[in-house]
Amino acid sequence: MPGRDESLLMKARPGAIDCDIHPAVPNTKVLLPYLPEYWRDQLVNRFIDRSPFVLQSYPPNSPIACRPDWRPAQGLPGTDFDALRKQALDAFGTKLAICNVLHGSIALFNEDMAAVLCSAVNDWIAKELLDRDPRLRASILLPIQSPDHCVKEIERLAPDKRFVSVLTLVMGETLLGNRRYWPIYKAAEKHGLPVCVHAGSTFRTAPTYSGWPSYVLEDYVSNGTGFENVLVSFVAEGVFQQFPKLKIVCAESGITWLPTLLWRLNKEWRGVRAEVPWVDRPPADIIRDHVRFTLQPLDVPKNDPDKLLRTLEHIGSDEVFLFSTDYPHWHFDGDDVLPDGLTEVSLQKLLSDNALATYPRLGEGGNIGQSREHAGRA
Amino acid sequence: MNAPVLDKTLQQRLSIVDCDIHPDQKSADSLSPYLPQRWREHAKMFGLHNRQGLIGQLGFPRMMANGRRADSYPPGGGPSGSDLGFMQKQHLNPNGVEVGMLVALGRNGMEEQNQDFAAALSHAVNDWQIEEWVKPEPRLRAGVVVPQEDAATAVAEIERCAPNPGFRQIIVSPRTAEPLGRRKYWPIFEAAEKSGLPIGLHPAGASGGFPSTGSGWPTYYLQEHYSFETGMQAVLASLVFEGVFEKFPKLKICFIESGFTWVPAVCWRMDKHWERMRKEVPHLKRPPSEYVREHFWFATQPIEEPEHPHHLMDMINWIGWDRIVFSTDYPHWDFDDPRYTFKINLNEKQRAMIFRENAKALYQLQ
């Protein structure tokens, strides 16, 4: 166990790639210009435009949704663009940051309404975020209710290389390995877009197998099991045999549940592999090759580098972690975003090498100027 | 082809407490002597009314012999686990079982939706355990099966059975209709605390009304089997966050058939996020992990097998050596053989604690 060598006490460093920040759409009216006429009328006439689309997983005034010193004087967390630049980018010396806009349209039941709203959000992202700061990249928000709509949206936006991944929540209607979602993975693989699976639920079903928890805190903790079941689903359904270049990024997932997943899934696969004959090698190896995890919220006890290092040893790779601040969610204070005790090599991988290996488009520079060309729909 | 890698002739020399043995009913009529006429007729006419799509088949068909060891079916016929003589010969004797804790699954009332039938079934299965297993085989101990969705009946059944020293725990399905920590179930915790018996939580076959995961139903048994572990994490979190242990400070919970290496991680997650969100749960006076350390035990099977076996040591160190109790899950397919369960070297003291002493202390076994 390493002592608390000063040189290993981590502070933010310039040049990092932040793989999970959360700018937010300030209100629904700003999306109106990006909507087709019929839907613009629908939103206005039905007063839908008078409320924002906020996910139940992140009650905006709850401590977890926004760090106190990052909370804007007014409006939703993550909606003050100048503050975001200062707090999320300048403060950490960030070279590139991936915007994961968790807009509530993905929880609607009307899949057509969800699709036009997701498109509007994505166009808003291009214009209001990506065009305004060259350090920003983004995930394409997927209207996951309809794989057809998802594929169309990926094809529409793929030419804009500043979109570097696609985004959905970990808990929704069906486990994400299910074949109904495979057209999405086909399109994502084709365009070099990792699938960012983010914490949160659309609450199509209870987040636990024994029903609905009482507390937001309980829901938030249950994201860990949500990720476990989704990764088991990806492996069992054979998604990575079908799409060998596909990468999954688990965002805001934590990492401490991962050793048990690797061990338990390997053992269960040895027992019942005849049921899933396409899973042709140990699941732990498949997961280490295809799945990545963002740093914050790091769920190892604070100030206990031994537990962190033991956990990393259990996971058996320092190439699966991606730096993130999870701005503006509140998981750490000041610039204390990095855990103590990592080696210089692991740190370099965490801060940028792993991200560059995961997101093919991050190395391509990002061709600003393509955005408007592709933002309009035919 | 799988080559045999284990020396099957090794003798099991340690005497053990096996915290998970499943006795089965020979046939649908096995409980008849313990059921009133009205329920015998009901059982025959309507059978069990569970929340699942199939009768006599599972929605996730098992990979082997209906989920049993293929060699565990008694030579005289009947389902595996239904013949005491064969259980003695195949498991209790050769594996040095000093005490075996029975977990009676299947026809038992935990999952039955007709509440009166559930009450009658629980009553019957508890009497059946004593008459047909514990009396003839003093190494076995029963668990009071309760219909947990009907707390008043569950309490009455606990009060009826607990005075009999043949019952050493209360068996509750973790797959409830509401998360187990919610107040609906508190009368059961109150009765358990009063009786001094721990509550054993063992995954049941049928759902309490919710899919196995927070993203709906899995496709394969591989996934369903995995969800026994994630489901238990949620149960643990519910019991802690609802403040059950502030209200019932002497309550003891044992998680059966869900492994244990997931426990440190869920404790760390709960602690970290509780620190941020504690205003939502002001009834908690301490970090969540402290309640877990004090109130929970974990039965080993199906033991997780790290790629580097010594990593298991870290997990036990973090959980506490006094909280791990051994179990085989006999006669189910994923039986953990006491000779080979631990692929790490335990010293004599550690071995004695896990294989015997911890369970004796938990269940007050003489």
Side-chain angles (χ1 to χ4, degrees), chain A residues 62-64 170-176 178 201 204-218 220-222 224-226 228-230 232-233 236-237 254 256-257 259-260 262-269 271-272 274-276 284 297 299-301 307 310 313-314 316 330-331, chain B residues 63 174-182 207-223 225-227 229-231 233-235 237-238 241-242 259 261-262 264-266 268-274 276-281 302 304-308 311 314 318 333-334:
Chain A
S62 66
I64 218 132
V170 66
M171 286 181 278
E173 204 156 288
T174 313
L175 285 159
L176 288 170
N178 196 286
S201 178
R204 288 294 201 260
T205 181
T208 86
Y209 84 168
S210 45
W212 298 88
S214 303
Y215 306 107
V216 176
L217 167 58
E218 222 174 320
Y220 196 72
V221 169
S222 78
T225 53
E228 283 181 66
N229 284 313
V230 159
V232 173
S233 168
E237 300 272 2
T256 57
W257 46 267
T260 289
L262 302 177
W263 303 341
R264 194 175 161 98
L265 194 50
N266 267 6
K267 181 178 178 182
E268 297 193 358
W269 169 75
V272 306
E275 191 189 25
V276 287
D299 45 5
V300 184
K307 287 203 173 74
R310 303 298 305 146
E313 190 187 308
H314 298 165
W330 185 16
H331 304 301
Chain B
M63 292 308 292
R175 210 156 177 174
T176 39
E178 291 179 27
L180 189 60
R182 283 170 63 89
S207 159
F210 305 97
S212 329
T213 85
S215 321
W217 291 102
T219 308
Y220 301 105
Y221 174 57
L222 170 64
Q223 297 166 268
H225 192 268
Y226 192 93
S227 75
E229 180 261 285
T230 51
Q233 290 193 43
V235 172
S238 173
F241 286 135
E242 296 281 356
T261 63
W262 49 272
V266 74
W268 299 341
R269 287 180 70 82
M270 289 195 300
D271 281 1
K272 178 179 174 76
H273 302 311
W274 166 77
R276 197 64 81 218
M277 302 278 277
R278 56 198 289 181
K279 282 189 177 154
E280 196 189 16
V281 286
E304 289 88 353
E305 294 180 11
E307 293 158 292
H308 301 285
H311 289 160
D314 292 333
W318 290 335
W333 73 272
D334 47 351

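A, B, ... follow the sequence lines: proteins, then strands. Residue 1 opens every chain. Keep in mind it's a predicted model, so treat the numbers as computed, not measured.
- Looking only at side-chain heavy atoms (C-beta outward), A:Glu237 and B:Thr219 come within less than 4.5 Å of each other.
- Contact tally against chain A (heavy-atom pairs below 4.5 Å) for B:Gln233, B:Met270, B:Glu229: the top residue is B:Glu229.
- Only the backbone of B:Trp217 comes within contact range of chain A, with at least one heavy atom under 4.5 Å from a heavy atom of that chain.
- Using a 30° and 60° split on the angle between ring planes, B:His273 and A:His331 fall in the perpendicular class, above 60°.
- Highest contact tally toward chain A, considering only B:Gln223, B:Arg175, B:Glu304, B:Lys279, is held by B:Arg175 [criterion: heavy-atom pairs under 4.5 Å].
- With a 4.5 Å cut-off on side-chain heavy atoms, A:Glu228 and B:Trp262 do not count as touching.
- Between A:Asp299 and B:Arg269, at least one side-chain N (NZ, or NE/NH1/NH2) sits under 4.0 Å from a carboxylate O, which counts as a salt bridge.
- Between chain A and the residues B:Gly208, B:Gly231, B:Ser215, B:Gly214, the largest count of heavy-atom pairs under 4.5 Å involves B:Ser215.
- With a 4.5 Å cut-off on side-chain heavy atoms, A:Arg264 and B:His225 count as touching.
- No donor-acceptor distance shorter than 3.5 angstrom exists from the side chain of B:Thr261 to the backbone of A:Thr260, with no hydrogens or angles considered.
- For A:Leu176, no part lies near chain B; criterion is any non-hydrogen pair under 4.5 Å.
- With a 4.5 Å cut-off on non-hydrogen atoms, B:Ser238 touches chain A through its backbone and its side chain both.
- In this structure, chain B has a heavy atom under 4.5 Å from the side chain of A:Val276, while its backbone stays farther away.
- Using a 4.5 Å cut-off on side-chain heavy atoms (C-beta onward), B:Val235 and A:Thr208 make no contact.
- With rounding to the nearest 0.5 Å, the separation of CH2 in A:Trp212 from CZ in B:Arg182 is 12.0 Å.
- Ranked by heavy-atom pairs shorter than 4.5 Å toward chain A, the options B:Ala265, B:Pro306, B:Ala237, B:Pro218 are led by B:Pro306.
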